[in-house]
Amino acid sequence: MNNEKTKRALIAMSGGVDSSVAAALMTERGFDCMGCTMRLYENDMIGEDLFGTCCSLNDTQDARAVCDRIGIPYNIYHYEFEFKDKVIEPFVCSYERGETPNPCIGCNKYLKFDILYEKAKELGYDNIVTGHYARIEERQDGHFYLLKARDLSKDQSYVLYNLSEEQLHHTYFPLGDLTKPEVREIADKNGFVTSHKKESQDICFVPDGDYAGMIKRYRGKEYPAGDFVDLEGNVLGQHDGIINYTIGQRRGLGIPADRRLYVKKLDVPGNKVILADDKDLYEKDVKVREFHWITGDKPAGEFRCSAKIRYRHKEQPATVKVIDDDHVLVTFDEPQRAITPGQSAVFYDGDVVLGGGIIEN
């Protein structure tokens with residue numbers, strides 16, 4: 001476990017039940033804690049009402065109520081500029097490149113475990129605490145490891161692969177050994193206003209799930225229509241703009257066909273959406289960029305592991321070949337469906353997260 005001698009921790013609180021219970025558990029361990037909420041965006045940044053979403057007034061009120069109940073201070077810190085620069089702008093650019101990004105990964109990397117950790121040190125708190133479902137272990141070899149949560153149905157280690165060993169040394173995930181029902185039970189016993197709060201499933205700054213609509217509002221423009229084509233280049237119809245589509249998509253294509261067609265590839269320079277049969281969506285090889293090794297040491301040559309290519313993907317056995325400091329080539333034992341540029345490939349050795357990176361076009 002982490003060194004607990006300092007016993008001071010800054011709790012990142014979203015206003016939900018998970019971070020509420022994380023705060024309670026750390027105070028029970030004897031830590032000197034302070035809760036905080038990161039204010040990440042305003043209504044005019046995304047063209048949406050924030051009511052009922054992360055960063056809303058309701059959420060900050062709930063987080064403050066929990067801190068008052070357990071007797072710890074609470075503050076709100078504003079990082080709207082940093083969030084726009086490090087999360088929203090890359091998210092939009094990724095869609096414009098024909099990718100489908102996961103912005104939670106960038107938010108964890110740049111905001112929660114970088115900028116907020118620097119704020120914690122500035123305030124005299126040596127540790128960051130979040131409500132993520134994952135575990136950290138310090139082992140006999142002296143290294144800190146990121147592990148899957150005990151409750152695999154809630155495991156969030158996939159979105160945490162960018163953490164460094166140094167960050168793991170100063171981070172706590174108190175929910176890593178708990179199930180969601182156990183977390184709600186603890187919240188109930190503490191009388192938290194968040195105990196039965198509904199869990200958000202959407203990206204925080206796209207609360208309605210309409211990514212293309214958010215991008216159009218953010219950029220203040222429409223994206224040009226173009227051709228749907230098959231693998232031979234035959235025109236099948238007109239699409240509504242490349243940002244509306246992702247690899248493997250079937251619904252919402254709006255073209256007549258005698259069989260089910262799926263998005264196979266997005267040709268951004270040609271402004272074409274390439275459609276194919278389901279059988280054509282399977283591939284074994286994937287190149288991954290911006291690869292991050294948690295220990296900082298990249299393996300030499302090839303090695304075996306299991307890999308996930310999206311958050312809800314069941315990890316699969318694969319061989320990984322290190323190409324250079326930033327790139328690896330993954331070859332799965334069996335072809336995987338709809339490998340999607342912009343998503344992350346994350347590698348595991350059993351429960352241990354080795355690292356991850358961004359799937360390339």
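Quick caveat: nothing in here was measured; it's all calculated off a predicted structure.
Residue pairs meeting the salt bridge (Lys or Arg N to Asp or Glu O under 4.0 Å) criterion with at least one member in residues 241-262, sequence neighbours excluded: Arg259-Asp277.
Of the possible polar contacts, one joining the Asp230 side chain to the Glu232 backbone as a donor-acceptor pair under 3.5 Å is found. In this structure, Arg184 contributes its side chain and Ser195 its backbone to a donor-acceptor pair below 3.5 Å. In terms of modelled atom types and a separation under 3.5 Å, the side chain of His239 and the main chain of Asn271 share a donor-acceptor contact. With Ser94 contributing its side chain and Phe91 its backbone, the two residues share no donor-acceptor pair below 3.5 Å. When atom types are taken as modelled, the side chain of Gln249 and the backbone of Thr246 share a donor-acceptor pair closer than 3.5 angstrom. Looking at Arg337, its side chain never comes within 3.5 Å of a backbone N or O of Lys279 through a donor-acceptor pair.
In this structure, NZ in Lys314 is found 11.5 Å from NZ in Lys308, a value given to the nearest 0.5 Å. Interatomic distance, CZ of Arg64 versus OH of Tyr74, reported as 6.0 Å (0.5 Å rounding). Atom-to-atom distance recorded for Leu123:CG and Asn75:CG is 8.0 Å, nearest 0.5 angstrom.
Lys180 and Asp18 are joined by a salt bridge, as a carboxylate oxygen and a charged side-chain nitrogen come within less than 4.0 angstrom of each other. Using a 4.0 Å cut-off between charged side-chain N and carboxylate O, Asp333 and Arg304 make a salt bridge. Using a 4.0 Å cut-off between a side-chain N of Lys or Arg and a carboxylate O of Asp or Glu, Lys121 and Asp126 do not qualify as a salt bridge. Arg150 and Glu182 are not joined by a salt bridge, as no carboxylate oxygen comes within less than 4.0 angstrom of a charged side-chain nitrogen. The residues Lys84 and Glu80 are annotated as not salt-bridged, no charged nitrogen and carboxylate oxygen being separated by less than 4.0 angstrom.
A donor and an acceptor atom, one from each side chain of Glu96 and Tyr223, are located under 3.5 Å apart. No donor-acceptor contact under 3.5 angstrom links the side chains of Thr171 and Tyr117, judged on distance only. Side chain to side chain, Ser344 and Asn102 fail the donor-acceptor criterion of an N or O pair below 3.5 Å. A side-chain N or O of Glu165 and one of His143 form a donor-acceptor pair less than 3.5 Å apart. At a cut-off of 3.5 Å, with distance as the only test, a side-chain donor of Asp188 or His196 sits close to an acceptor on the other residue. No donor-acceptor contact under 3.5 angstrom links the side chains of Thr100 and Tyr245, judged on distance only. Side-chain contact annotation: Glu89 with Tyr218, donor-acceptor N/O pair under 3.5 Å present. A donor and an acceptor atom, one from each side chain of Asn244 and Asp240, are nowhere located under 3.5 Å apart. With hydrogens and angles left out, the side-chain atoms of Gln336 and His313 include a donor and acceptor closer than 3.5 Å.
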(request) Quick one: do Asp285 and Thr331 satisfy side-chain hydrogen bond (donor to acceptor under 3.5 Å, both in side chains)? Show the steps, please. (result) CA-CA 5 Å; Asp285 295 329; Thr331 301; 2.8 Å; yes
(request) Could you give me the CA-CA distance, side-chain angles and deciding distance for Phe31 and Tyr172, then say whether ring-ring contact (aromatic ring centres under 6.0 Å, His included) is met? (result) CA-CA 11 Å; Phe31 278 69; Tyr172 287 86; 5.3 Å; yes
(request) Report the C-alpha distance between Thr60 and Thr37 in whole Å, list the side-chain angles of each, state the deciding distance to 0.1 Å, and finish with yes or no for side-chain hydrogen bond (donor to acceptor under 3.5 Å, both in side chains). (result) CA-CA 7 Å; Thr60 56; Thr37 297; over 6 Å; no
(request) List the steps and the verdict of ring-ring contact (aromatic ring centres under 6.0 Å, His included) for Phe83 and Phe205. (result) CA-CA 10 Å; Phe83 189 72; Phe205 58 92; 5.7 Å; yes
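Screening Asp324, Asp325, Asp326 for a salt bridge (charged side-chain N to carboxylate O under 4.0 Å, His left out) with Lys298, the sole residue that qualifies is Asp325.
Grouping the Ile, Leu, Val, Met, Phe, Trp and Tyr side chains by contacts below 4.5 angstrom, directly or via other members, places Leu354 with Val330.
Remark: aromatic rings of Tyr348 and Tyr158 are distant, center separation not under 6.0 Å.
Every residue meeting the ring pair (Phe, Tyr, Trp, His ring centres under 6.0 Å) condition with Phe303, not counting sequence neighbours, appears here in chain and number order: Trp293.
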